[in-house]
4 protein chains.
Amino acid sequence: MSWQETTAPVGADGDEPASAQPHADLIKADILEVATAVFAEKGLNGARIDEIAELMRTSKRMIYYHFGSKDGLYRAVLAHCYGRIRTIESTLDLGARSPLDALAHLVRFTFDYQLANADFIRLVMVENIHRAEHIAQMPELHDLNLRVIESLRSLCARGAADGTMRPDMDPMDLHMSISALCFFNVSNQHTFSAIFDLDMVSAAATAARRASITDLILRSVQPR
Amino acid sequence: MSWQETTAPVGADGDEPASAQPHADLIKADILEVATAVFAEKGLNGARIDEIAELMRTSKRMIYYHFGSKDGLYRAVLAHCYGRIRTIESTLDLGARSPLDALAHLVRFTFDYQLANADFIRLVMVENIHRAEHIAQMPELHDLNLRVIESLRSLCARGAADGTMRPDMDPMDLHMSISALCFFNVSNQHTFSAIFDLDMVSAAATAARRASITDLILRSVQPR
Amino acid sequence: MSWQETTAPVGADGDEPASAQPHADLIKADILEVATAVFAEKGLNGARIDEIAELMRTSKRMIYYHFGSKDGLYRAVLAHCYGRIRTIESTLDLGARSPLDALAHLVRFTFDYQLANADFIRLVMVENIHRAEHIAQMPELHDLNLRVIESLRSLCARGAADGTMRPDMDPMDLHMSISALCFFNVSNQHTFSAIFDLDMVSAAATAARRASITDLILRSVQPR
Amino acid sequence: MSWQETTAPVGADGDEPASAQPHADLIKADILEVATAVFAEKGLNGARIDEIAELMRTSKRMIYYHFGSKDGLYRAVLAHCYGRIRTIESTLDLGARSPLDALAHLVRFTFDYQLANADFIRLVMVENIHRAEHIAQMPELHDLNLRVIESLRSLCARGAADGTMRPDMDPMDLHMSISALCFFNVSNQHTFSAIFDLDMVSAAATAARRASITDLILRSVQPR
DNA sequence: GATGAATGAGCTTTCATTCAT
DNA sequence: TATGAATGAAAGCTCATTCAT
């Protein structure tokens, strides 16, 4: 934990002010990209620092110079991925649509984003296998994810106000349902496909499931 | 794959006829129990053969004698866990209840079972990280899981017939929704708890989520 | 500190009952012997596990199997060396001689033993550079070294009683003086030789110094 | 030995004429001060160039610029420390006192100086672990330390002449005894304290030991 | 002079697996 | 059957040193 006895920077844990060394930042970004793929593919234990280094121009030593340890690199990868989804999520302008429309939009966006970013999904799975012990030490992620809850809260309020939604919706519960349905579609596709001899990733299957989930969520929020 | 250079049994891939050595079977069962816990706790790469051996009276040599390799042991663990859920699931007598009642019963059972068997959930996560490459080589699991689909199909048919359910339900899609909602509750509890500073395992939270999921599913199958 | 997650024995920290595996004990003894020489020669940081392994038939891996870590091996070496001097020291029968005679005998023995066991002296130097942090965790050494103090105490009492020694001698202080004079002769021979262009290890120089130290100590305990 | 591939000074091996760059000298002095502490604390192998650089404003590059290598820095540290004790020792005006008084004064000074300069003592220990191979290559230290022998020789001569000291004293032998007793008090305090559960550095213990050593030496030089 | 980035060689340690008894 | 001992390959990590600016 206290390996910071070297001269090295080993930052990248939080948001640093725009660094003065653009080259180093590029290399760090490259390492992060490759590491994301490898950690997502093999997990934390299965990933090899050697493999990550071999996949780029940088030597293994540089990974330790910039990230301090395998765990440090893994944490940086987590922070980067969580940060990216936040940035993108904030571009959704849910307030501009009617409550039900906005909700459908959010569900479809979540579905599409998670399907397109299987690496992120897999990293979250890996982190759950490790009982979230790394994320628990990254407090910068806390408020980051409260934003979506706030969005849902105001959405529910608007829906309750105009009568298009039930008045007793719990935004966190709703978020959980959306997340569960979209997440599972990616996270468990391999065992599902293997056991049911099914193709969950075909365009047709994907479109059908997307519609089904959207319908499921919309039904759940509407008054009877 | 051709590690069978020992003189020993190394079966356990399928269902052998009741072994003539009850002692050996007990040992295998013990190993399996411990290995399940360790693989679920640490994943395939994180699990250590040494640790598994240490947690029992049996030596490491016995693991190799009975299961051939770490992967062989892991496959046996998977087979054992999937087999157990099949056995239990078949005790549900869904046909004795009205369609909606049966469905609610199935959802609650699934929720409770997965919550109570986090080890199994974690193993499925681990297997998905490994892209289900081990399960894909275990054909005995194929038909095993088709049973629940058949149950759902007849349940949907009964519901459609008596008008309590929409006539266009896809049993596989329904199964996916139920699984997703119940699975996620266990699989992602650590990241969710860490990020939202939330207690997902308290009795209150669990009961609420259980009711919410049941309601969600029931609404989704009923005609408007 | 808690690396004991392997199957391995990793004992040798204390006095185990005579082990049932004579072969393994022989190998451990061999490792200990080689490691003693290397740690004494290069210090804890300068010693290389690779070098120790190469100096014998055993592989590097076996060192970890038997001793757990580099530090564990180092501690075992310390315990072994301290244990050996105890065993030998206890063979001195100081009670059978007159006080002054016994004291001279003890001084000459200490001088000879330390000169003949430069490895031990160097290990003590190494341990002092490390501020005795390893020895501090080896409580079994405590009472072990109190024996020589007890010997000196009774010797001083006898000498005070028969008038051959001053009545105000402090055994611990006396032990310190003897140790200092004998230890320094080995510990600092290299810098002394280099700076004064002197040969401290020739038979003549050694004999003279031995006599000088003995005289110094005897003078210090006698009444004026 | 032939690392002088830089374009830089890399002197510091001897006494250079007063440098024209006072700033550079200050930096060198700073480096030396920090390096002394680190080498004394961790030994040659345990010391890290990174750590030394971190403890100052100066970067690692400066260490190599001024001292060429880790070994070069270590040699400079040794030279600096030995040089300092020479300077101070020469301020003792032993000739102004009676022989026994002067000797007592020298003993007490040596005891106090070594106690107050544990860093120096530790460096000498480190150098002895390395068999004085670095000091052996620093000829400037040779005559430096002959001075104290000369002082002792004339002191002994004076004592022999006025009958207060034995006529057969060997100054080198006497120096060795004084050094041994004072050095050991610092060098072995950690193992001694650990093994005998003793506090060797308390003011009381220190004062007692100081008196005891002085008495020991004075007794040894006086005629019976 | 001064600094951050880079590096290669080598270090300690780990782990699935097999052997001897 | 059962166990302690053994192993090779490879993993994570470190460190003195140098380069580019």
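First the proteins, then the strands, lettered A, B, ... as listed; each starts at 1.
Rounded to a whole Å, the OH atom of B:Tyr74 is 17 Å from the C1' atom of E:dA16. The interatomic distance linking D:His66 (NE2) with F:dT17 (P) rounds to 17 Å, in whole Å. Atom CZ of A:Phe67 is separated from atom P of F:dT14 by 16 Å (rounded to the nearest Å). Protein atom CD of D:Glu54 is 14 Å distant from nucleotide atom C1' of E:dT3, rounded to whole Å. What separates CD of C:Glu51 from C1' of E:dC11 is a distance of 13 Å, to the nearest Å. In this structure, C:Tyr64 atom OH and F:dG12 atom P are separated by 16 Å, rounded to whole Å. Following rounding to the nearest Å, C:Met62 (CE) and E:dT12 (P) show an atom-to-atom distance of 17 Å. F:dG4 atom C1' lies 15 Å from atom CD1 of B:Ile63, rounded to whole Å.
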I'd like a table of atom pairs between the protein and nucleotides 19-21 of chain E - only N or O on both sides, under 3.5 Å - with the distance next to each one.
none

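Map C:Ile49 and B:Lys70 each onto its nearest nucleotide of DNA chain E; the residue landing nearer the 5' end is C:Ile49. Take the nearest nucleotide of DNA chain F for A:Arg48 and for D:Asp71: the residue whose nucleotide is more 5' is A:Arg48. Remark on DNA chain F: of its neighbouring residues C:Thr58 and A:Ala47, the 5'-side contact belongs to C:Thr58, judged by nearest-heavy-atom nucleotide.
Taking 3.5 Å as the limit, the base of F:dT3 and the side chain of B:Lys60 contain no donor-acceptor pair of atoms between them.
For the pair A:Lys60 and A:Tyr65, the NZ or CZ position fails the cation-pi test of under 6.0 Å to the six-membered ring centre and within 45 degrees of the ring normal.
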_Please determine whether side-chain hydrogen bond (donor to acceptor under 3.5 Å, both in side chains) holds for the pair A:Glu127 and A:His134, giving the CA-CA distance in whole Å, both sets of side-chain angles, and the decisive distance to 0.1 Å._
CA-CA 7 Å; A:Glu127 183 60 5; A:His134 308 92; 3.0 Å; yes

*For side chain to side chain contact (heavy atoms under 4.5 Å, CB included), just list the numbers for C:Leu73 and C:Tyr64, CA-CA rounded to whole Å, side-chain angles, deciding distance to a tenth of an Å, and then say yes or no.*
CA-CA 8 Å; C:Leu73 177 56; C:Tyr64 284 90; over 6 Å; no

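At least one side-chain heavy atom of A:Glu41 sits less than 4.5 Å from a side-chain heavy atom of B:Arg131. Side-chain contact between C:His130 and C:Asn45 is present, with heavy atoms from C-beta onward closer than 4.5 Å. The shortest distance between side-chain heavy atoms of C:Val126 and C:Phe39 does not fall below 4.5 Å. Contact check for A:Thr58 versus A:Asp30: no side-chain heavy atoms found under the 4.5 Å cut-off. Using a 4.5 Å heavy-atom threshold, the side chains of C:Phe67 and C:Lys28 count as touching. In this structure, B:Leu55 and B:Glu33 have side chains that are not in contact, with every pair of non-hydrogen atoms separated by 4.5 Å or more.
For F:dT7, the OP1/OP2 oxygens have a side-chain nitrogen or oxygen of C:Ser59 closer than 4.0 Å. Applying the 4.0 Å criterion to OP1 and OP2 of E:dA6, one finds that A:Tyr65 has every side-chain N and O outside that range.
The line from CE of D:Met125 to CE of C:Met125 is 5.5 Å long, rounded to the nearest 0.5 Å.
Within 4.0 Å (heavy atoms only), A:Asp50 reaches sugar-phosphate atoms of the nucleic acid but no base atom.
Residues from residues 30-45 of chain B with heavy atoms under 4.0 angstrom of DNA chain E: there are none.
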*Dot-bracket, DNA chain F: Watson-Crick or G-U, under 3.5 angstrom, [ ] crossing, | other strand?*
.||||||||||||||||||||

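Residues C:Cys81 and C:Thr36 approach most closely at SG-CG2, 3.7 Å, considering heavy atoms. Nearest heavy atom pair, residue D:Ala40 against residue D:Arg122, reads O-NE, 2.7 Å.
The separation of E:dG1 from F:dT21, taken at their P atoms, amounts to 23 Å, rounded to a whole angstrom.
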